[in-house]
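Written out below as structure tokens is the structure these notes cover.
A note on names: the letters A, B, ... follow the listed sequences, proteins ahead of strands, and every chain is numbered from 1.
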2 protein chains.
Amino acid sequence: MSCEDEAAEMLRRAGHKITPQRVLILRALRHAGGHISASQIAEQVRAAYPVVDVSTVYRTLDVLKRMRLVTATDMGQGDVVFEWAPATPHHHLICSSCGHVAELEHHYFDRLADQLAADFSFAADLHHFAIFGLCRGCQIEADA
Amino acid sequence: MSCEDEAAEMLRRAGHKITPQRVLILRALRHAGGHISASQIAEQVRAAYPVVDVSTVYRTLDVLKRMRLVTATDMGQGDVVFEWAPATPHHHLICSSCGHVAELEHHYFDRLADQLAADFSFAADLHHFAIFGLCRGCQIEADA
DNA sequence: GTTGGTGCAAATGATTTGCAAAAGG
DNA sequence: CCTTTTGCAAATCATTTGCACCAAC
């Protein structure tokens, strides 16, 4: 069973209907293999299915977010990027100066998650963080 | 010298001009003692100075952000909240379900900051983070 | 059938921008 | 003076919403 089929099955079990639009949205998310915006999803879906409105994409993404099948992250580009809930959660180091994006493995957050759970009983959603700062190159420039 | 005066002095040294609007924006940020949105700042400034446009507030905030005198954080309310660069940096635990906001001391991020510097030479801006998740109460509800 | 889902069009709301006038240094 | 800053109005642009119609189940 493909990943989209699994997702469709989950939707069905949660009492949601399976529509061609939703299947294609799931496929776009899966196929993106990374960040993708709502309008990009709409674009991709339209390639296979002529008419899909962005509002439908947003509504579907809302459902998927609530089911934790996708993550939403503001990378500071004005829009929000979505991502298929990654099998291996990760994060991003974004340089405020040059915009360079580096990936950060999830284990850097393990301890924080544990502490938040222990100290506050807070179940943090630490699955896709955008961390802003200065990359090595831009720090050197800033010092100059 | 008051805190706003210091800020004004920094602006001057950085080659920016001191205008009544900017002084009042600085005062609003300082006086807020916490999160404040661009339109709230505009509102407060107008109380003392009749005409100030939101665009001016945004433009000033841009300057202040670049000088690291204020932090900007998306707390998930549709707008961005600004805060006087806090003497004691802190973070927020925001419940995705009930919206409750708790404060988190900065030391929870000390280790992460060190690791990012050591492993990636990345100077992370970990001064005002919004962490989403479920608070204790909403976890119990979710389990029920 | 009933309920939820969709497209469309219009609204919302924060943020940005062009421009001519005003003010800081 | 010369440059930056401002107010105003208009433009952007992502996201949301009302509504009538359609499609899953």
Side-chain angles (χ1 to χ4, degrees), chain A residues 4-5 7-26 28 35-43 45-67 69-82 130, chain B residues 4-5 7-26 28 35-67 70-82 130:
Chain A
E4 299 124 62
D5 289 343
E9 190 52 37
M10 288 182 69
L11 281 174
R12 176 175 292 116
R13 265 191 238 120
H16 294 109
K17 296 181 178 172
I18 311 303
T19 66
Q21 290 92 331
R22 289 189 168 173
V23 173
L24 288 167
I25 290 169
L26 288 168
H35 305 146
I36 186 168
S37 70
S39 53
Q40 285 176 317
I41 293 175
E43 228 175 276
V45 172
R46 276 193 214 102
Y49 195 87
V51 201
V52 179
D53 197 72
V54 207
S55 63
T56 300
V57 175
Y58 278 109
R59 286 186 279 227
T60 301
L61 285 171
D62 259 0
V63 172
L64 297 175
K65 268 193 294 183
R66 241 173 280 137
M67 299 182 68
L69 292 176
V70 302
T71 60
T73 311
D74 183 353
M75 303 273 288
Q77 300 310 303
D79 56 1
V80 170
V81 290
F82 300 87
Chain B
E4 298 124 63
D5 289 343
E9 190 51 38
M10 290 182 68
L11 280 175
R12 176 175 293 117
R13 265 190 239 119
H16 294 109
K17 298 185 176 170
I18 311 303
T19 65
Q21 291 92 331
R22 287 187 169 173
V23 173
L24 288 167
I25 289 169
L26 288 168
H35 305 146
I36 185 168
S37 71
S39 53
Q40 286 176 316
I41 292 175
E43 226 174 276
Q44 289 199 21
V45 172
R46 274 193 216 104
Y49 196 87
V51 201
V52 180
D53 198 73
V54 207
S55 63
T56 300
V57 175
Y58 278 110
R59 285 185 280 225
T60 301
L61 285 170
D62 258 359
V63 173
L64 297 175
K65 268 192 295 183
R66 240 173 280 138
M67 300 182 67
V70 303
T71 60
T73 311
D74 182 354
M75 302 272 288
Q77 301 309 303
D79 56 2
V80 171
V81 290
F82 300 87

* If a protein heavy atom is under 4.0 Å from the base, mark B; if only from the sugar-phosphate, S; if neither, -; do that for nucleotides 17-25 of chain C going 5' to 3'. => BB-----BS

* Asked: Of all residues at least two apart in sequence or in a different chain, which pass the side-chain contact (heavy atoms from CB on, under 4.5 Å) check with D62(B)?
  -> K65(B), R66(B)

* Heavy-atom pair of closest approach, residues D74(A) and D79(A) -> OD1-O, 3.8 Å

* To do: Give the rounded distance in Å between these two atoms: CG of D62(B) and P of dT5(D).
  => 12 Å

* Distance in angstrom units between L11(B) CG and dT4(D) P, rounded -> 15 Å

* Asked: In whole angstrom, what separates L61(B)'s CG from dT15(C)'s C1'?
  -> 11 Å

* Asked: Quick one: are L64(B) and L26(B) in side-chain contact, heavy atoms under 4.5 Å?
  -> yes

* For atom CZ of R46(A) and atom P of dG7(C), their distance in whole Å -> 9 Å

* Asked: Which atom pair, heavy atoms only, marks the closest approach of Y58(B) to A38(B)?
  -> CZ-CB, 3.4 Å

* Asked: Under 4.5 Å between any side-chain heavy atoms of L11(B) and M67(B), yes or no?
  -> yes

* **Flag side-chain contact, heavy atom, 4.5 Å: H35(A) against T73(A)** => no

Donor-acceptor pairs under 3.5 angstrom involving side-chain atoms of residues 16-24 of chain A: please list them, not counting sequence neighbours.
| residue | atom | partner | partner atom | Å |
| --- | --- | --- | --- | --- |
| T19(A) | OG1 | R22(A) | N | 3.2 |
| R22(A) | NH1 | K17(A) | O | 3.1 |

* Nearest-angstrom distance from the residue atom CZ of R66(B) to P of dT4(D) -> 13 Å

* May I have the step-by-step check of salt bridge (Lys or Arg N to Asp or Glu O under 4.0 Å) for R46(B) and E43(B), ending in yes or no? => CA-CA 5 Å; R46(B) 274 193 216 104; E43(B) 226 174 276; over 6 Å; no

* **By side-chain contact (heavy atoms from CB on, under 4.5 Å) - contacts of S55(A) (at least two apart)** => D53(A), R59(A)

* **Rounded (10°) bend between the five-pair end axes of the helix from dG1(C)-dC25(D) to dG25(C)-dC1(D)** => 40°

* Asked: What nucleic acid atoms does G78(B) come within less than 4.0 Å of, heavy atoms only: base, sugar-phosphate, or nothing?
  -> sugar-phosphate

* Asked: At under 4.0 Å between heavy atoms, what does V54(B) touch on the DNA or RNA strands: base, sugar-phosphate, or nothing?
  -> nothing

* **Between dT15(D) (C1') and D79(B) (CG): distance, integer Å** => 14 Å

* Once you round it to whole Å, what is the distance between C1' of dA14(C) and CG of D74(A)? -> 13 Å

* What residues in residues 35-42 of chain B put a non-hydrogen atom under 4.0 Å from any atom of DNA chain C? -> none

* In whole Å, what is the span from the OH atom of Y58(A) to the P atom of dG13(C)? -> 17 Å

* Asked: If only side-chain N and O atoms of Q21(A) are considered, is one of them under 4.0 Å from the OP1 or OP2 phosphate oxygen of dG7(C)?
  -> yes

* Structure fact -> Closest heavy-atom pair, A28(B) versus I41(B), reported as atoms and distance to 0.1 Å, is CB-CG2, 4.2 Å

